[in-house]
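Everything on this sheet refers to the single structure shown next.
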Amino acid sequence: MIAYDRCVTGTSANLRRDRLYHAYASHHANRGNDDAAALIYHRDIRPALPSPDAGPVIDIGCGQGQLVRLLLTDGYDADGVDVSPEQVAIAHAAGLDRVREGDYGAVLECRPGQFAAITATDLLEHLVSDEVLETFDLVSAALMPGGVFVARVPNAVSPFGGLIRYGDFTHESWFTARSVRQLAAASGFASVSVLSCPPVAHGLVSAARVVVWKIVSASFAVALAAETGTLRGHIVTQNLTFVARKAGSRKPGHVTRAPGHHAS
């Protein structure tokens, strides 16, 4: 997460953030779930990434480094950076020396045009609007031509999105597919895909959850269609994932989607 004294928020907000992030794992995040992280990585993130030989990848706001570990296992030259000393200490205790404590903005500024991909899962919601736009600008500048920015954020359209938005007192923002496209366009990205984040089937119980969710989410989509007059493209999961692509000569990989994994 960004070092907030470089941004526009006031002193009291900075003090609040410092206090909450100092022991973020103990007071809120707990130990990361490696199995859940792997399921999300293989469905939502890995298909959007270029091949490992395309260049370096960095996970900004990497927390305890689960995504960094998965990227390294897949052969990527991957690093992570996070503002929480406790989260970074947990990563180091788990043997992840490619995770560092610090300001991701400074890291990106020092490496213009050098990253093939930049990931940010559950980061942007911790920022106020000016910081979000600044982060999009920093990411765009740090990517190689044809590079991708893959991020997961709370979905303000979801009937249950408030559980994510207000479930963490450090959260400042939430998003829609439309606002993500607005931010990407303002920062010069050539294109953006927005994906839903439904439950992942990995056993009998989770498979039943997937079936129930398909039925329930369809009713939400019908209600939105009735109100807006738009029949397609509604994403109603609590989170959404987006893939923003920088213009360039390198052709990005195709984003594959699991059944029911809606894109707009």
Side-chain angles (χ1 to χ4, degrees), residues 1-9 14 17 44-46 48-63 65 67-68 71-72 76-84 88 98-153 172-195 240-253 255:
M1 282 165 271
I2 204 162
Y4 299 104
D5 58 354
R6 59 181 273 116
C7 296
V8 298
T9 51
N14 291 335
R17 284 166 154 172
D44 296 346
I45 299 172
R46 180 63 180 87
L49 299 177
S51 62
D53 61 2
V57 178
I58 188 167
D59 185 28
I60 57 176
C62 68
L67 180 53
V68 176
L71 289 164
L72 292 169
Y76 286 93
D77 177 13
D79 291 281
V81 59
D82 198 275
V83 75
S84 169
V88 173
R98 301 292 292 268
V99 170
R100 75 181 81 171
E101 180 186 345
D103 173 9
Y104 70 74
V107 175
L108 298 181
E109 283 183 329
C110 290
R111 300 183 63 179
Q114 295 187 32
F115 292 102
I118 296 173
T119 58
T121 56
D122 308 329
L123 163 71
L124 295 175
E125 59 267 32
H126 294 267
L127 311 177
V128 299
S129 57
D130 287 336
E131 295 167 340
V132 173
L133 183 57
E134 180 189 17
T135 297
F136 268 78
D137 289 341
L138 289 168
V139 168
S140 180
L143 285 171
M144 299 175 179
V148 295
F149 180 29
V150 185
R152 183 177 67 186
V153 294
E172 303 281 0
S173 303
W174 52 353
F175 302 82
T176 67
R178 188 175 183 183
S179 67
V180 165
R181 293 190 183 95
Q182 180 184 23
L183 287 159
S187 298
F189 285 94
S191 65
V192 60
S193 300
V194 184
L195 312 170
L240 60 82
T241 297
F242 68 83
V243 182
R245 304 184 186 281
K246 187 173 179 178
S249 58
R250 181 171 55 80
K251 294 182 179 180
V255 179

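Note that this is a predicted model, so its numbers are computed, not measured. Position 1 is the first residue of the sequence; numbering continues from there.
In this structure, the side chain of Ser187 does not engage the main chain of Ser140 through any donor-acceptor pair within 3.5 Å.
Rounding to the nearest 0.5 Å places OG1 of Thr135 at 5.0 Å from CG of Leu127. The structure places CZ of Phe175 at 6.5 Å from CG of Leu183, a figure rounded to the nearest 0.5 Å. One distance of note links CG of Leu138 with CZ of Arg111; it measures 14.5 Å at 0.5 Å rounding. For the atom pair CZ of Arg245 and OG of Ser193, the computed distance is 5.5 Å after rounding to the nearest 0.5 Å.
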Would you give me the side-chain donor-acceptor pairs under 3.5 Å for residues 141-153, sequence neighbours excluded?
unit_1, atom_1, unit_2, atom_2, d
Arg152, NE, Asp122, OD1, 3.0
Arg152, NH2, Asp122, OD1, 3.3
Arg152, NH2, Asp122, OD2, 2.5

Would you give me the side-chain donor-acceptor pairs under 3.5 Å for residues 52-61, sequence neighbours excluded?
unit_1, atom_1, unit_2, atom_2, d
Asp53, OD1, Ser51, OG, 2.4
Asp59, OD1, Thr119, OG1, 2.9

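In this structure, Phe115 and Lys246 have side chains that are not in contact, with every pair of non-hydrogen atoms separated by 4.5 Å or more.
When all heavy atoms of Ser173 and Val132 are compared, the pair lying nearest together is OG-CG2, 4.3 Å. Minimum heavy-atom separation, Pro112 to Glu109: CD-O, 3.6 Å. Closest approach of Ala184 to Val192, counting heavy atoms only: CB-CB, 4.3 Å. The minimum heavy-atom distance between Val194 and Ala177, with the atom names listed, is CG1-CB, 3.8 Å. Nearest heavy atom pair, residue Ala186 against residue Leu133, reads CB-CD1, 4.2 Å. Here the shortest heavy-atom pairing between Cys62 and Val99 reads SG-CG1, 3.5 Å.
Other residues, nucleotides and ligands contribute at most 12 non-hydrogen atoms within 6.0 Å of the CD atom of Gln182.
Side-chain rings of Phe136 and Phe242 approach one another, their centers coming within less than 6.0 Å.
Shown here are the salt bridge (Lys or Arg N to Asp or Glu O under 4.0 Å) partners of Arg98, two or more places apart in sequence or in another chain: Asp77, Asp79.
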